[in-house]
Amino acid sequence: MAGGSAKRKRPQNPKIEPPNPATTDEITETDLQTSRKTRSRPRKATEPSIPDTKPQPTRRKSSRKAETVSNVSVAVDTGPPRWESMGKVVPSMDAVVKVFCVHTEPNFSLPWQRKRQYSSSSSGFIIGGKRVLTNAHSVEHYTQVKLKKRGSDTKYLATVLAIGTECDIAMLTVNDDEFWEGVSPLEFGTLPVLQDAVTVVGYPIGGDTISVTSGVVSRMEILSYVHGSAELLGLQIDAAINSGNSGGPAFSDKGTCVGIAFQSLKHEDAENIGYVIPTPVIQHFIRDYEKNKGYTGFPALGVEWQKMENPDLRMSMGMGPNQKGVRIRRIEPTAPESQVLKPSDIIVSFDGVDIANDGTVPFRHGERIGFSYLVSQKYTGENALVKVLRNSKMFEYTIKLATHKRLIQSYIKSQPPSYYIVAGFVFAAVSVPYLRSEYGKDYEFEAPVKLLEKHLHAMAQSVDEQLVVVSQVLVADINIGYEDIVNTQVLAFNGKPVNNLKELASMVESCKDEYLKFELDYQQIVVLKTKTAKEATLDILTTHCIPSAMSGDLKP
């Protein structure tokens with residue numbers, strides 16, 4: 001998994017935990033380069049994680065050397081010790097802080113309770129406006145967050161201002177003025193180029209004091225952010241990023257911050273492959289927070305597209321020899337683009353930037369990057385100019401960008417899972433954290449095929465649509481014969497389609513019919529007598545020590 005916060009109380013190597021009990025997103029170097037637009041079933045692969053290495057002892061070199069004068073050895077001072085000169089290379093090291101967090105994660109399999117709390121440590125750094133940046137996974141599902149400055153013995157209580165799960169960045173602050181004394185905030189530098197030197201500073205596992213590792217920028221591209229399942233610009237470096245480095249700054253050789261360490265690649269054929277969130281993503285997060293008084297997220301174009309590299313395909317679509325672009329396969333029904341764009345439209349340019357047949361756009365000298373980078377630079381609610389080729393005619397549309405609405409959400413914003421219970425049937429809405437909780441890190445291979453098909457290919461038809469399932473059946477006399485039903489989708493109730501969990505709970509609670517009839521996937525039906533079912537629910541809740549038949553967000 002990604003180079004995450006170092007958890008205490010757990011003897012094994014700590015790992016990133018995306019918005020679920022444990023990080024289970026597994027990707028290989030190939031997967032990092034693959035666009036989600038393919039929406040194919042993922043392969044089993046290795047996961048971005050902590051490299052399984054032990055810190056190697058280093059021999060401390062003396063700053064003094066010996067010279068021989070008339071056969072007598074005389075010690076000659078050659079200048080300040082190396083650790084003093086190191087402070088000149090990274091002058092803002094004092095702005096790097098250690099983050100202590102107590103987490104209490106939700107239990108998606110038993111949504112009326114939470115898991116046992118645990119502690120973790122990671123890194124962060126001070127920026128302007130009395131704010132601190134760290135990784136989102138470092139404070140996800142936090143109960144308490146404390147910060148400690150370099151060389152200090154005091155931990156200060158912190159307040160979480162914003163958590164950007166998609167970009168894996170969180171913003172904190174401290175109300176105690178003493179915390180901000182004697183520390184200068186870091187300054188952000190420009191986006192580095194290949195082979196530029198970078199220095200990662202933080203508090204990784206293996207010690208309590210600050211640690212410095214050095215490397216160079218080895219790659220820059222759109223990559224998968226494990227924590228939020230998003231695809232954003234990222235830097236690949238060859239400096240070690242271990243557990244606890246998460247949230248620490250990456251400095252350029254000029255001493256400016258050029259990124260935030262957040263994950264590494266675990267692979268038997270790879271060594272020292274770490275990833276850094278670059279300054280364009282960081283500044284987008286900060287400006288989004290300042291502009292909207294909170295984090296709103298990165299917008300998405302809301303389409304699936306196909307490459308147009310085949311000449312026969314281009315000719316059949318009416319493209320000229322000099323025309324380039326990508327073909328729209330499907331459009332999200334909830335996206336604003338669905339009002340103007342159509343399947344088989346050829347997207348020729350985005351905001352005046354021409355798109356190549358492979359979906360890339362010019363980036364810098366000698367570099368190209370996926371055109372989703374242009375979309376990610378916009379803000380939610382902003383307009384963009386899209387030029388499309390339709391039936392050999394060119395059209396221009398101004399579209400309003402919005403965040404992506406998935407049928408099965410990749411993460412749940414810091415709130416308890418929703419659930420509804422009647423006659424022992426536990427109904428829940430499916431999400432990626434739910435699938436991880438039920439089937440473990442290999443849920444892509446262990447979960448029912450129909451749920452995976454919905455996860456990979458289905459699109460939400462409305463903004464409030466959810467995939468509702470019978471999570472489990474709490475055995476009681478009233479539900480005899482239904483005990484084996486588990487994680488099966490609910491299609492309809494008493495003949496009415498089920499759009500989301502709240503709608504299902506409302507229909508059941510207000511039902512005046514003699515029977516409750518649930519139509520499930522695989523042509524299964526569940527029939528219960530209405531009066532008996534509602535009476536049995538109270539006994540079942542008492543037996544299993546469940547405080548309520550529904551979560552707070554479903555109550556009228």
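The analysis underlying the following values was restricted to heavy atoms, covering all of them including side chains, and did not include hydrogens, waters or symmetry mates. Index from 1, following the sequence. Treat the numbers as computed from the prediction; the structure is a model and nothing was measured.
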Does N310 have any side-chain hydrogen bond (donor to acceptor under 3.5 Å, both in side chains) partners at least two apart in sequence or in another chain, and if so, which?
none
Examine distances only and state if a side-chain atom of Y289 and a backbone atom of I163 form a donor-acceptor pair shorter than 3.5 Å.
no
Specify whether W305 and F371 have parallel, tilted or perpendicular ring planes, treating 30° as the upper limit for parallel and 60° as the lower limit for perpendicular.
tilted
Within the side chain of D238, is there an N or O that forms a donor-acceptor pair under 3.5 Å with the backbone of I273?
no
Taking ring-ring contact (aromatic ring centres under 6.0 Å, His included) as the test, write out the residues that go with Y379, two or more places apart.
H284
Hey, could you give me the OG1/CD1 distance between T173 and I126, rounded to the nearest 0.5 Å?
10.0 Å
Whether T134 side chain and S123 backbone form a donor-acceptor pair below 3.5 Å
yes
Starting at OG of S138, measure out to CD1 of I169 and round the result to the nearest 0.5 Å.
11.5 Å
Separation between CD of E187 and OG1 of T279, rounded to the nearest 0.5 Å
13.5 Å
Can you tell me how far apart CD (E337) and NZ (K342) are? Round to the nearest 0.5 Å.
15.5 Å
Atom pair CG (L435) and CG (D442), whose distance is rounded to the nearest 0.5 Å
13.0 Å
Considering residues at least two apart in sequence or located in another chain, which fulfil the side-chain contact (heavy atoms from CB on, under 4.5 Å) criterion with Q323?
M319, L389, M394
For E465, is there any backbone N or O sitting under 3.5 Å from a side-chain donor or acceptor partner on K405?
yes
Does K307 have any side-chain hydrogen bond (donor to acceptor under 3.5 Å, both in side chains) partners at least two apart in sequence or in another chain, and if so, which?
none
May I ask you to check whether over 12 heavy atoms, not counting those of K450, lie within 6.0 Å of atom NZ?
yes
Give a yes or no on whether the backbone of Q236 and the side-chain of S218 come within a donor-acceptor separation of less than 3.5 Å.
yes
Okay, side chain of D168, backbone of A136: is any donor-acceptor separation there less than 3.5 Å?
yes
Would you say the side chain of Y203 lies within less than 4.5 Å of the side chain of V96, judging by non-hydrogen atoms?
yes
Are any side-chain N or O atoms of T165 and backbone N or O atoms of H227, one a donor and one an acceptor, separated by less than 3.5 Å?
no
Would you please name every residue forming a side-chain hydrogen bond (donor to acceptor under 3.5 Å, both in side chains) with S392, sequence neighbours left out?
none
Report yes if the side chains of P448 and Y439 come closer than 4.5 Å at any heavy-atom pair, otherwise no.
yes
Can you pull out every salt bridge (charged side-chain N to carboxylate O under 4.0 Å, His left out) where at least one residue sits in residues 288-301? Sequence neighbours excluded, please.
R131-E290, K291-E382
Are the side chain of R314 and the backbone of M308 linked by a donor-acceptor contact shorter than 3.5 Å?
yes
Under a 3.5 Å distance rule, please check whether K378 uses its side chain to pair with a backbone N or O of N383 as donor and acceptor.
yes
Quick one: do the Y225 and Q263 side chains pair a donor with an acceptor below 3.5 Å?
no
Would you confirm whether T213, through its side chain, and A239, through its main-chain N or O, come within 3.5 Å as a donor-acceptor pair?
no
Quick check for you: to the nearest 0.5 Å, what is the distance between N135 atom CG and C101 atom SG?
12.0 Å
